[in-house]
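Let me begin by presenting the structure, written as structure tokens, before commenting on it.
Just so we're clear, the structure is a prediction, and the values are computed from it rather than from any experiment.
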Amino acid sequence: MTPSTVPPAPTKPPAATLTTTFDDTLRFYLNGTRVVLDEIDPEVTLLEYLRGIGLTGTKLGCGEGGCGACTVVISQYNPTTNRIYHASVNACLAPLASVDGKHVITVEGIGNVKQPHPAQERVAKSNGSQCGFCTPGIVMSLYALLRNNQAPTEHDIEEAFDGNLCRCTGYRPILDAAQTFSVRRETAMTDGCGKSSANGGSGCCMENGGGGGCCKDGKVDGVDDQQIKRFTPPGFIEYKPDTELIFPPVLKKHDFRPLAFGNKRKKWFRPVTLDQLLEIKSEYPNAKIIGGSTETQIEIKFKALQYPVSVYVGDIAELRQYSLNEDHVEIGGNITLTDLEGVCQEALKHYGEARGQIFTAVYKQLKYFAGRQIRNVGTPAGNLVTASPISDLNPVFMAADATLVAKTLGKEIEIPMAEFFQGYRRTALPATAVLASIRIPLTQEKNEFFRAYKQAKRKDDDIAIVTAALKLRFSADGVVEEANLVYGGMAPMTVAAKQANTFLVGKRFAELETLEGAMNALGQDFNLQFSVPGGMASYRKSLALGFFYRFYHEVMQSLGGKADKEAVAELERDLSTGKEDKAAAAAYMQETLGKSNPHVAALKQVTGEAQYTDDIPPMKNELYGCLVLSTKAHAKLKSVDYTPALDIPGVVDYVDKNDLPSARANRWGAPHFQETFFAEDEVYTAGQTIGMILATSAARAAEGARAVKIEYEELPAVFTIEEAIEKESFFEFFREIKKGDSEEAFKNCDHVFTGTARMGGQEHFYLETNASVVIPKPEDGEMEIWSSTQNPNEAQVYAAQVCNVQSNKIVVKVKRMGGGFGGKESRSIPLSSILALAAQKTHKPVRCMLTREEDMVTTGQRHPFLGRWKVGVNKDGKIQALDLDIFNNGGWSWDLSGAVCERSMSHADGCYLIPNVHMRGRICKTNTMSNTAFRGFGGPQGMFIAESYMSEVADRLGMPVEKFREINMYKPEEVTHFNQSLTDWHVPLMYQQVQEESDYANRREAITKFNAEHKWRKRGLALIPTKFGISFTALRFNQAGALVHIYHDGSVLVAHGGTEMGQGLHTKMTMIAAQALNIPMEDVYISETATNTVANASATAASASSDLNGFAIHNACAQLNERLAPYRAKLGASATLKDLAHAAYFDRVNLSAQGFYKTPEIGYTWGANTGKMFFYFTQGVAAAEVELDTLTGSWTCLRADLKMDVGRSLNPAIDYGQIQGAFIQGLGLFTMEESLWLRNGPQRGNLFTRGPGAYKIPSFRDIPQVWNVSLLKDVEWKDLRTIQRSRGVGEPPLFMGSAVFFAIRDALKAARKEYGFEARVVGKGGGGDDDDVNDDDGLLRLESPATPERIRLACVDPIIERARVERKEGERSFFVAI
């Protein structure tokens, strides 16, 4: 168990008033083995316990149940269904008290590398694991599905991962692997269940989500395995359900005893009857009642709330029952949401659709309520008592006029839902009461209608922006007798629209005046202010109106009246499919290179055996560090007092600026060395490090960090680019590129247009946060550092600096990272350096893994950008000139902002020849975290500016943007604005191929027809090319070293300077060595990246690592081959490497070689605009089609077709994974991921979006419904002089995700055109060719990301127009979007 500073004390007998006898021992099974615990730390979660005993396959990704990395399966007897259910659960939230009497299964328990479970093997071999950090959780979600449903349909598979996130793969290969287990419903059910809807029945219990498998008796989990016709793909292990871990028979007879355990800090109770619970609640009125712990654990971890007495109620069978009665359904307050889904389906079957409308609504809301892991433990009572104003279920219960049954010791209280919510997070539940059950009435057979709606930033597993449950009851002649329109997200609590409800009663529903009057009344009910808490005032109001509009017409349609039928249906996805060109490398495939080999660590990752930094076993006397962070965006530090922290048991020491050997040692970040490890006299951002607390456990360190007293004197802060420009807050940086004479060109061209392109930043959201373990050695200041860094060399340099030792005393090692994406290139350095200082000071090992919140507030994001452009163009569509000012938001320190700005400038031409260019770049100095490298490194921002001006200028010319792009596209050998010739230029070819292969022209026609026929649904199509320069722009980094050893047995050990973060670098390097030495891949091993094997290595970045390290390895192997050549000649072609090595060793030949490579020819000079900036360009083209629901701003990507020129691929499977993962990351950047800061209140200036609850990355259900990816083939690469003539592929595909953004823009243009809003075309305004259209209100100017809010606000229909909230003088938005 994870060590605790408070020893578990013998449980004292509860107060005399408690009559129950409590046990203090937990009994459960773990991976088939019985576990008995009688010394239990009451503060640890299941995840902390598992990792504490060495089961580190279960990962900590977010700590709030939002990413699924910690997923385990808990098998239990379900008192609701009376069956065994295998529940996928977030171990990071689950209290240890919840596992008594259950079987906990972790990823280690189902298989290992030598004998993997079929789920593990298929994910590994299907390339469904890249960095691998999220993979164990994904595997366990799949395992849970298979245990509960041996015959899952394709839909079951598609929906199985709604509680899991992956940042690397793009999800497609995971789904492909999982779909190998699916059984087509007609096959599965023909022999399986006559009740299935596929067989004309009313619905099988398995279809209906009842849990626990089929209702048929005498089957294993309800299904006769012999009757299921499975197909095992070639090369995969057959899945045999009867070989799974059994549910331990002893647990079927487990004696659920009331439990009580704890220490002087915290006590847990686990009652097993309602009377026991009421007795405890009577004695401890303030005790925290815990069902699923989905909210409580977040309060403890992120709000530092303390609950000295907690009561786990998940094992009280009485609270998990339900009954179907004549006029209502009563559900136990603690029934799980998963079981509630089944109850809803049963109720619908029992009562019919008309009387069961409320249960249809509940089921619909539950479908997108969090993820399956949360629904498996979350409860309606917990949802109600939490009283969230954006609850999905509470509006349904309130609109249904449900009654809540609360109980105290000896008393039952009935609370109408209308009276339950008293204010923000306040309810009418008495302190000593528990919510025992909910009585949900039925709707009438006729003349009553009930619907529920929800809108969120992301479809799956997302908190709502606005929810609604709307009920109407009519008289026989169509007059409204009762109206109950209830909304969440429109007030501090769930509220009824009182004015609208009053207005509707007595009105004849079918009359248009009723709709108009109700919309007006809703506008009065929800007359939001621009500065309303939560922001999005106009959008939220539009949703309130839009939901009612949709409801009105759905009711009218049901009544057979005149209805806007198109407004009724909500946007739904089909099953996703996709294909890759598997034969792309056939023409150049070699013995090893060019083959689609799986990631070398894939099997270790899927089985949980792959070790990450925080998986390293704790050492004796090890300390844990926790950063003390600024809570102010800009302030003077008046005082910092560590005394309160040092008084906490378990806190050992602290480090801050005063522990450094000199003031200079506090400075880091070449070349300016402006950033400090520890704040000195002033803090410049919320989240800046002030010190670090060291303690005997991570929990005590965090408690100590919170206890440090800091006095501030606040200073004015700057956040946005616009504020920085206004206040001239810039770093001393200026770059410009000049080509031709743009001023003269503007005078001579036919049209000149101006505009602005703006895009927000992006959080890296690697699943493994920054982590480091530092081990001091007893001699000479030596130190070993394990770090999740892309930059071991820099980690070494700065650890040596803060410890005042030479670099040769510091060894930095990296086994692998759980994702990086540039975020661990420089921002990993402060953590490892501070820990090194702490280890030196205490002479003890020290470790720290940042929480998700700490990582997000400290480590920086992708730079937000603003581009102000002026484009000159002739009537024939040829661009003549570009003038461009680029501003990036650097945050509070330099970091890599200069290089990011430079790369954006080199990519702001897109793929287009512009003969006259003048562009300038500046870096804004603001008070956000220091923004940093992120996949693309400024390239996507520059290309977004380019495609923005291309789109807007095309609109103003009245020309299809596809044609405008083609007219201006570079041709082979043409020269860029930075004077580099484009060789091996294949974008024009791919531009044509993608159009042909995707049937682009016919789809464009079909979309035009679709848009003409639909008012609320619009489709859009976009075709986006990309070119991405490969090389570090800082010349010195374009070098690499490698070390290759051949051992006696013919095995080969390779070391190189690159780090593995999921991109498959070690896999490609292994293949290069195997090919060069003519041996199997299995004989080559890469152990780790370390500064004592390859010194002075560049960061693994810039998509250049395969080129650089690959050639270095090739160089080392060439030396070895030269030394072994005489022995090959002597021993013959059949000699193995073992034979050659043996012979060479006896002749005293060196079997180790150091390789080196530096990129030739490159070296650009800024200002002079001379020299070669990039070694080559990776290229690609993407087509994307979307469909919008303009009533809500929701969208789905119907199809995407991607084609990349990656040269001669080293490993197509790895490259496809990089393309898919980058595309989805780009899709997130341009459509979904939005960082927000708080503007007011005590947390002003702090990041609001600091975890998966508020910050949304794409999930499984956000990928294109049809997704085709191919590699360019059948061309020559004459000028490409890389390893096997391959191209770097990590960053270039990311910008292709913008195709979805521009397809959304295309659809929005159609939506606006319907109401007369479209760009004014030059020459058609009545004023001749020189019409000034730069202030054209009809032109669509869309900022990135195109969130549902921005999409809806870009519409101009009457509903959004009446919903717009005007900003009053002095009013400012609730959030700051930088």
Residue pair Thr467 / Ile390, side-chain heavy-atom distance below 4.5 Å:
no
Separation between OG of Ser542 and CZ of Phe547, rounded to the nearest 0.5 Å
8.5 Å
For residues Leu384 and Phe421, report the shortest heavy-atom separation together with the two atoms involved.
O-CE2, 3.6 Å
Closer than 4.0 angstrom, basic N to acidic O: yes or no for Arg1261 and Glu572?
no
So, Phe449 versus Phe474, ring centres under 6.0 angstrom or not?
yes
Distance only, no hydrogens: is a donor on one side chain within 3.5 Å (strictly under) of an acceptor on the other, for Asn376 and Thr338?
yes
With Asp1357, the salt bridge (Lys or Arg N to Asp or Glu O under 4.0 Å) member among Arg1362, Arg1312, Arg1352, Arg1364:
Arg1352
Set out, in order, the CA-CA distance, both residues' side-chain angles and the distance that settles side chain to side chain contact (heavy atoms under 4.5 Å, CB included) for Glu1349 and Lys457, then state yes or no.
CA-CA 8 Å; Glu1349 179 191 15; Lys457 291 183 178 181; over 6 Å; no
For Gln422 and Met493, what are the C-alpha separation, side-chain angles and deciding distance, and is it a side chain to side chain contact (heavy atoms under 4.5 Å, CB included)?
CA-CA 8 Å; Gln422 304 286 298; Met493 60 182 182; 5.8 Å; no
On a heavy-atom basis, the closest approach of Leu571 and Thr1196 is CD2-N, 3.7 Å
For this output row, return yes or no: ring centroids of Trp1016 and Tyr549 closer than 6.0 angstrom.
yes
Atom CD of Glu763 and atom CE of Met856: how far apart are they, to the nearest 0.5 Å?
4.0 Å
For Tyr539, is the NZ or CZ atom of Lys541 found under 6.0 angstrom from the centre of its six-membered ring and inside 45 degrees of the ring axis?
no
Min side-chain heavy-atom separation Ile465-Met536 under 4.5 Å:
yes
Atom CG of Leu324 and atom CD1 of Ile331: how far apart are they, to the nearest 0.5 Å?
11.0 Å
If you round to the nearest 0.5 Å, how far is OG1 of Thr294 from CG of Leu93?
7.0 Å
Checking the side chain of Ser323 only, and the main-chain atoms of Asn325 only, is there a donor and an acceptor separated by less than 3.5 Å?
no
When you compare the side chain of Asn1240 with that of Leu1238, does any pair of heavy atoms fall below 4.5 Å?
no
Shortest non-hydrogen pair, Asp392 vs Tyr368, comes out as OD2-O, 4.2 Å
Has the side chain of Tyr322 got a donor or acceptor atom that lies under 3.5 Å from a matching backbone atom of Gly332?
no
Pair Arg375 + Asp162, salt bridge at N-O below 4.0 Å
yes
Roughly how far apart are Met398 CE and Lys471 NZ, rounded to 0.5 Å?
11.5 Å
So how far is it from Lys454 NZ to Leu543 CG, rounded to the nearest 0.5 Å?
12.5 Å
Given side chain to side chain contact (heavy atoms under 4.5 Å, CB included), test Thr494 with Met417 step by step and report yes or no.
CA-CA 10 Å; Thr494 302; Met417 270 299 302; over 6 Å; no
Over all atoms of both residues, closest heavy-atom pair of Ala431 and Lys281:
O-CE, 2.8 Å
Counting distance only, does the side-chain N/O of Asn334 pair as donor-acceptor with the main-chain N or O of Val313 below 3.5 Å?
yes
Electrostatic pair Arg372:Glu341 at N-O distance under 4.0 angstrom
yes
Heavy-atom nearest pair, Thr1190 first then Ala1311, reads CG2-CB, 4.0 Å
Lys/Arg N to Asp/Glu carboxylate O, Glu414 vs Arg439, below 4.0 Å:
yes
How close do Phe551 and Tyr453 get, counting heavy atoms only, and between which atoms?
CA-OH, 3.4 Å
Arg1372 CZ: over 12 foreign heavy atoms closer than 6.0 Å:
no
Please check: side-chain N/O of Asn90 versus main-chain N/O of Gly66, any donor-acceptor pairing under 3.5 Å?
no
Given side chain to side chain donor-acceptor pair (under 3.5 Å), test Gln529 with Lys1368 step by step and report yes or no.
CA-CA 9 Å; Gln529 300 300 304; Lys1368 295 176 183 174; 3.0 Å; yes
Counting N and O atoms only, with roles assigned by atom type, does the side chain of Thr427 sit under 3.5 Å from a partner on the main chain of Phe420, one being a donor and the other an acceptor?
no
Using a strict threshold of under 4.0 Å (side-chain N to carboxylate O), is an ion pair present between Lys1018 and Glu1187?
no
Taking the side chain as every heavy atom from C-beta outward, state whether Asn484 and Asn501 have any atom pair closer than 4.5 Å.
yes
Main-chain N/O of Lys498 paired with Asp525 side-chain donor or acceptor, under 3.5 Å
yes
Check the surroundings of atom CD in Glu1366: do more than 12 heavy atoms from other residues, nucleotides or ligands lie under 6.0 Å from it?
no
Hey, does the side chain of Glu64 reach the backbone of Gly1253 with a donor-acceptor pair shorter than 3.5 angstrom?
yes
Given side chains that start at C-beta, do those of His328 and Ile440 come closer than 4.5 Å, heavy atoms only?
no
Heavy-atom side-chain proximity of Arg473 to Lys446 below 4.5 angstrom:
no
Salt bridge or not for Lys1015 and Asp564, using N-O below 4.0 Å?
yes
For the side chain of Arg540 and the backbone of Leu528, is there at least one donor-acceptor N/O pair under 3.5 Å apart?
no
Ser531 side chain reached by Phe1374 side chain, heavy atoms, under 4.5 Å
no
Report yes or no: do Arg1239 and Ser1373 form a side-chain donor-acceptor pair below 3.5 Å?
yes
Trace of the side chain to side chain contact (heavy atoms under 4.5 Å, CB included) decision for Lys407 with Leu435
CA-CA 7 Å; Lys407 292 188 177 182; Leu435 190 51; over 6 Å; no
Glu353 CD: over 12 foreign heavy atoms closer than 6.0 Å
no
Any donor-acceptor pair under 3.5 Å from Asp1262 side chain to Ser1259 backbone
yes
Pairing of Lys1256 and Glu1233 as salt bridge, 4.0 angstrom limit:
no
Electrostatic pair Glu570-Lys364, nearest N-O below 4.0 angstrom:
yes
Using atom types as modelled and distance alone, determine if a side-chain donor or acceptor of Asn394 lies under 3.5 Å from a backbone N or O of Asn383.
yes
Decide yes or no for Ser558 and Val555: does some side-chain heavy atom of the first lie under 4.5 Å from some side-chain heavy atom of the second?
no
Could you walk me through whether Glu330 and Ser437 pass the side chain to side chain donor-acceptor pair (under 3.5 Å) test, one step at a time?
CA-CA 7 Å; Glu330 185 158 1; Ser437 64; 2.6 Å; yes
Quick one: do Thr1192 and Ser1194 satisfy side chain to side chain donor-acceptor pair (under 3.5 Å)? Show the steps, please.
CA-CA 5 Å; Thr1192 61; Ser1194 297; 3.1 Å; yes
